[in-house]
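The sequence lines fix the lettering, A, B, ..., with proteins before strands; numbering per chain opens at 1.
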Number of protein chains: 2
Amino acid sequence: MVRAGLSPERLTLAGAELADEAGFDQVTLSALARRFDVKVASLYSHLKNSQELKTRIALLALEELADQVAHAVAGRAGKDALMAFANAYRDYARAHPGRYEAARFRLDPQTAAASAGVRHAQMTRAILRGYNLTEPDQTHAVRMLGSVFHGYANLEAAGGFSHTDVASQESWVWTLDSLDAALRNRATP
Amino acid sequence: MVRAGLSPERLTLAGAELADEAGFDQVTLSALARRFDVKVASLYSHLKNSQELKTRIALLALEELADQVAHAVAGRAGKDALMAFANAYRDYARAHPGRYEAARFRLDPQTAAASAGVRHAQMTRAILRGYNLTEPDQTHAVRMLGSVFHGYANLEAAGGFSHTDVASQESWVWTLDSLDAALRNRATP
DNA sequence: GCGTCTACCTAAACCCTGTAGGCAAATCGA
DNA sequence: TCGATTTGCCTACAGGGTTTAGGTAGACGC
């Protein structure tokens, strides 16, 4: 009996790949076991249950996404930073639909607090520094931007923007231009 | 043997209630059968499969949501109409989280084309009439608004706005004000 | 080389989906 | 009103996912 060399990390990564290929809801311990040519029960030596697998994939996705955003934003400010942030976000959602879905997985408060989700919030606030917003406007802006980015990625992934022949890319740029204008409009002089 | 008096409509309604109570992903034929005190197999006389149940709940939710939005928007124009539209949308998502989730259920193209989703698109365009946008700006704006509304409802439902003490309601109004300003800015003179 | 640990196994219980076939209530036609 | 037909709900069963209990053999420390 040759051992498969499983580990929580390998399982998480394989689960993330499976999510991108087939959708996050198709990520099951059974499917993962098949992928490693191993019996399902064997996975329980590495993961408490399927909930833990999903949580780990969510954390991985949040981490990756935060890394990409941080990299994209580095050295930029103002509208430039806003665009880079937004594009990194959308690009990740398009390149890794399953992982992106996973990143929206409902985490329990403790796990969420210890996750890269915190970095997301910090980076969003950092972007807004260029717009000179005071509290509570900054919080409002964080929520608005989060809503747009997430909403757009979601609707795009659901195929909602493929009915008309207006390119999604153009709408995206238009939306970001509008947001930039709206934020500049809110700046305290 | 007393008959339970099932029908696709009753099952759909009960499914929608179950969704609001426990989440759309908890809507299963088994749970529904329990609720009616009936064996699972009996449901297959009324529904082709669980996919059909979910589709029907989605269509119901889209219909209800479109009705509420239409009612809210009637007789209003400009910013007034935008606010009414947005509030109707958010209120529905808060009052019926499960149904709202169902409304985002991926429908096959034909079903989607015959659904109330079409009315949603029409109403969004109607709102924008007050802003004097020409194509393709109108399409861009439809997408932006859809993203914000959906994104906000989603993040709010996920509890994403409960960490700071800034009230979600205030951020919502702020966001709508910003969108209104952005759209007015885009108007062709 | 021996003992321990642990990675993976078999077996089995439980839940959800879906199909096949049966019986009895409802309904309809004469 | 009664027989025939339809149909609503049933039992039985197969298939797949989750999870636990307990066993065996490979890996590793001494």
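Between Tyr152(B) and Tyr89(B), the gap from one ring centroid to the other reaches at least 6.0 Å. For Tyr92(B) and His96(B), the distance between ring centers is under 6.0 angstrom.
Here dG17(D) presents its P atom at 10 Å from CG of Leu29(A), a figure rounded to the nearest Å. Taking atom CG of residue Leu6(B) and atom C1' of nucleotide dA26(C), one finds them 15 Å apart after rounding to whole Å. With rounding to whole Å, Leu53(A) atom CG is found 14 Å from dT19(D) atom C1'. Atom CG of Leu32(A) and atom C1' of dT18(D) are 14 Å apart (whole Å). Atom CZ in Phe36(B) sits roughly 13 Å away from atom P in dC10(D) (whole-Å rounding). Rounded to an integer number of Å, the gap from NZ of Lys39(A) to P of dA25(D) is 17 Å.
For the pair Arg143(B) and Trp174(A), the cation does not sit on the ring face, since its NZ or CZ is not both under 6.0 Å from the ring centre and inside 45° of the axis.
The overall bend of the helix from dG1(C)-dC30(D) to dA30(C)-dT1(D), read as the angle between its terminal helix axes built from five base pairs each, is 10° when rounded to 10 degrees.
No donor-acceptor pair under 3.5 Å is formed between the side chain of Asp137(A) and the backbone N or O of His140(A).
Between Arg34(A) and the phosphate of dG16(D), there is no side-chain N or O to OP1/OP2 separation shorter than 4.0 Å. At dT17(C), one or more side-chain N or O atoms of Ser30(B) fall inside 4.0 Å of OP1 or OP2 (strictly under the cut-off).
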Go through it in stages, so that I can follow the logic: the residues are Tyr131(A) and Asp180(A), the test is side chain to side chain donor-acceptor pair (under 3.5 Å), and I'd like the CA-CA distance, side-chain angles, deciding distance and then a yes or no. CA-CA 9 Å; Tyr131(A) 291 96; Asp180(A) 171 66; 2.5 Å; yes
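Both Phe36(A) and Leu47(A) are part of a single hydrophobic cluster, where members link through side-chain heavy atoms under 4.5 Å apart. The cluster map of Ile, Leu, Val, Met, Phe, Trp and Tyr, joined by side-chain heavy atoms under 4.5 Å apart, puts Phe24(A) and Leu11(A) in the same cluster.
In summary, of the residues considered (Leu183(B), Asp80(B), Val69(B), Leu82(B)), a side chain to side chain contact (heavy atoms under 4.5 Å, CB included) with Ile127(B) occurs for Leu82(B) alone.
Atom-to-atom distance recorded for Leu53(B):CG and His46(B):NE2 is 12.5 Å, nearest 0.5 angstrom.
Looking at residues 40-51 of chain A, you'll see Ala41(A), Ser42(A), Ser45(A), His46(A) sit with a heavy atom under 4.0 Å from some atom of DNA chain C.
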